[in-house]
Amino acid sequence: MKKMMCLVLGLLIIGSFAFAGGGAQQSTSSQAALIGLAMPETHVERWVQDGANLKAEAEAKGYRAEVAFGNADQNQQNQQIDSFLTNGAKLLIIGSVNEGVISAVANAARDNAIVIAYDRLITGSGDYNYYITFDNFKVGQFQGMGIEAGLDLKNATSANPKYITLFAGSPTDNNAFYFFDGAMDILNPYIDAGVLNVVGPYPRTSVDRSAFMQIATENWMPNIAKARMENLLSNAAANVTLDAVLAPNDTLARAILEACDADAKYNGKLPVVSGQDAEVASVQSIKDGRQYMTVFKDTRALARGAIILADALLKGQTPNVPGARLDTTTYNTGVKTVQSYLLEPVIVTRDNYQQILITSGAIDASLIR
Ligand code: BGC
C-alpha cells in the first residue's frame with residue numbers, strides 16, 4: 001500500500017514538472033508570483049550571498065525569483081528592475097546603487113508592484129513603504145568601540161595622545177552616514193578630551209557634509225580608499241605614526257591595510273583598523289592579527305526576514321518579521337517615513353570570531369586557515 005502511494009505521488013510530481021516544462025498546462029510553480037531581486041554590486045562579497053539567499057528563501061516559499069546585480073551602476077540596475085516589471089514581477093526587493101533608482105521605483109508603483117528597500121534606504125521616493133536593514137547606527141558604534149578597545153582609549157592621556165585617520169563609505173549610500181555617525185558617537189568624546197587626534201579631514205558628524213565628502217569613498221571602491229590612504233601616508237600623516245584608521249567596511253579595511261603594508265613605518269605595527277561584513281578575507285586578517293575588528297550582520301537572517309515580509313505583503317497580511325525591531329519613525333526618505341525592520345549586528349574581534357562566525361556556521365571552518 002505504502003509503495004503504491006509512493007508511486008502515485010511520484011507520478012504526480014513528475015507530471016507537474018512535465019506540464020511546467022512543456023508549458024501545455026500551467027503548474028503551480030509557473031503560476032507563482034515573481035519576485036525581482038535587484039542587488040547593487042558584486043565587488044563587495046556580501047551582495048553575492050544576499051542575492052543567492054534571497055532567491056533560495058523566495059523559492060522555498062513557492063515564489064519564482066530572479067536576481068540581478070547592478071555593477072555599481074544605477075542605469076544598469078534600473079534596466080534590470082524594468083525588465084523584472086516587464087516579466088510581471090509582483091514585488092521587488094532592491095538594494096539600490098544610489099538615489100537614481102527612484103525612477104524605477106516609480107515604474108514599480110505604476111505597475112502596482114510592491115517595493116521593499118533592502119539594506120539601503122531609497123531616499124527621495126514616496127513610492128514605497130517598507131525597508132529592512134540592520135541597526136546601522138549601532139554598526140558604526142561597534143566600529144568606534146572596536147577602536148576604543150584596540151587603542152585602550154579609556155586609559156589614554158592627552159600627554160600621550162593617539163592618532164587616527166577617518167574613512168567613510170559611499171556618499172550615495174544612506175547607510176554610510178549612519179555608520180560614520182555611530183562611530184563618531186563613540187570617538188568624539190576622546191577627540192574632545194585631546195586623547196585622540198585626527199590626522200586629515202575631521203567631520204565631527206556626517207552633517208558636516210563638505211568634510212565628510214573628503215573622507216567618503218565613492219561606490220565603496222577599494223582602489224579609491226587605497227589611493228587616499230597612500231596619499232595620507234605620504235602627506236598629512238607623513239610625520240606621525242597612525243594608531244588607528246576608521247574603515248567603514250571590510251573591503252575598504254583591507255585596501256587601507258595594503259597601503260600601510262607598503263610603508264616601512266608600519267612593518268610589524270599596523271594601525272588598529274575597523275571593518276564590517278565579516279568577509280572571509282577579513283576574518284582571516286583578524287585571525288592573523290592584521291585587521292582589528294569587523295561587524296557581523298547576518299545577511300542570511302536579513303534575506304529570510306525580507307522574504308517573510310514580502311510573503312505577508314503579497315498575501316495582504318500584516319507582516320511580522322521574527323527577530324526584527326519595527327521602527328516606524330526613524331527612516332524618512334525625504335518624502336515620507338517608511339516602515340522599517342531592523343536586525344541586530346554583532347561586534348567581532350579575534351576573541352570571539354570562532355564562536356560568532358565559525359561555530360554558528362556563518363563561515364565554513366575550511367575557509368579560514
Ligand atoms: C552595506 C554594507 C556594505 C556596503 C558596501 C552598505 O550599504 O550595508 O554591508 O559593506 O554597503 O557594499
Side-chain angles (χ1 to χ4, degrees), residues 37-54 69-74 76-77 93-101 116-123 131-143 146 167-183 206 215-226 246-256 273-283 285 291 293-303 305-306 324 330-331 333 340-348 357 362-363:
L37 307 165
M39 299 292 106
E41 63 210 22
T42 54
H43 73 271
V44 174
E45 183 179 287
R46 61 160 289 183
W47 298 109
V48 179
Q49 294 163 1
D50 285 89
N53 292 339
L54 282 162
F69 298 92
N71 203 18
D73 174 346
Q74 193 59 62
Q76 195 170 322
Q77 188 179 57
I93 295 180
I94 305 177
S96 56
V97 177
N98 62 46
E99 200 177 292
V101 74
I116 298 174
Y118 183 79
D119 196 79
R120 298 175 173 178
L121 185 72
I122 296 170
T123 53
Y131 176 38
I132 186 162
T133 190
F134 288 86
D135 183 335
N136 293 314
F137 189 77
K138 198 180 269 184
V139 170
Q141 285 181 315
F142 283 161
Q143 294 172 336
F167 280 72
S170 183
T172 56
D173 178 352
N174 187 63
N175 287 345
F177 308 117
Y178 279 89
F179 301 148
F180 185 72
D181 290 338
S206 66
I215 66 157
T217 314
E218 192 72 20
N219 280 331
W220 298 91
M221 290 309 239
N223 57 326
I224 296 180
K226 187 176 178 188
L246 174 67
N249 78 355
D250 286 351
T251 303
L252 303 189
R254 294 195 306 279
I256 288 163
V273 179
S274 59
Q276 152 176 215
D277 290 335
E279 290 187 353
V280 170
S282 281
V283 175
S285 177
Q291 189 175 321
M293 61 84 66
T294 187
V295 180
F296 175 51
K297 303 190 299 186
D298 192 343
T299 52
R300 297 167 304 178
L302 189 66
T330 309
Y331 289 90
T333 68
S340 305
Y341 295 84
L342 306 184
L343 297 172
E344 285 299 308
V346 183
I347 188 165
V348 175
L357 301 172
I363 293 182

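Both ligands and their constituent atoms are indexed starting at 1 by order of listing.
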So among S274, S285, S282, which one has a side chain to side chain donor-acceptor pair (under 3.5 Å) with Q291?
S282

List by chain and number: which residues place a heavy atom under 4.0 Å from ligand 1?
E41, V44, R46, W47, D119, R120, D173, N175, F179, W220, N249, Q276, D277, K297

Between the main-chain N or O of N219 and the side-chain N or O of H43, is there a donor-acceptor pair closer than 3.5 Å?
yes

N174, T172, D173 screened by side chain to side chain donor-acceptor pair (under 3.5 Å) with S170, the one that passes:
T172

Could you tell me which residues satisfy ring-ring contact (aromatic ring centres under 6.0 Å, His included) with F177, sequence neighbours excluded, listed by chain and number?
F212

Under the ring-ring contact (aromatic ring centres under 6.0 Å, His included) test, which residues partner Y131, sequence neighbours left out?
Y331

T217: what forms a side chain to side chain donor-acceptor pair (under 3.5 Å) with it, not counting sequence neighbours?
none

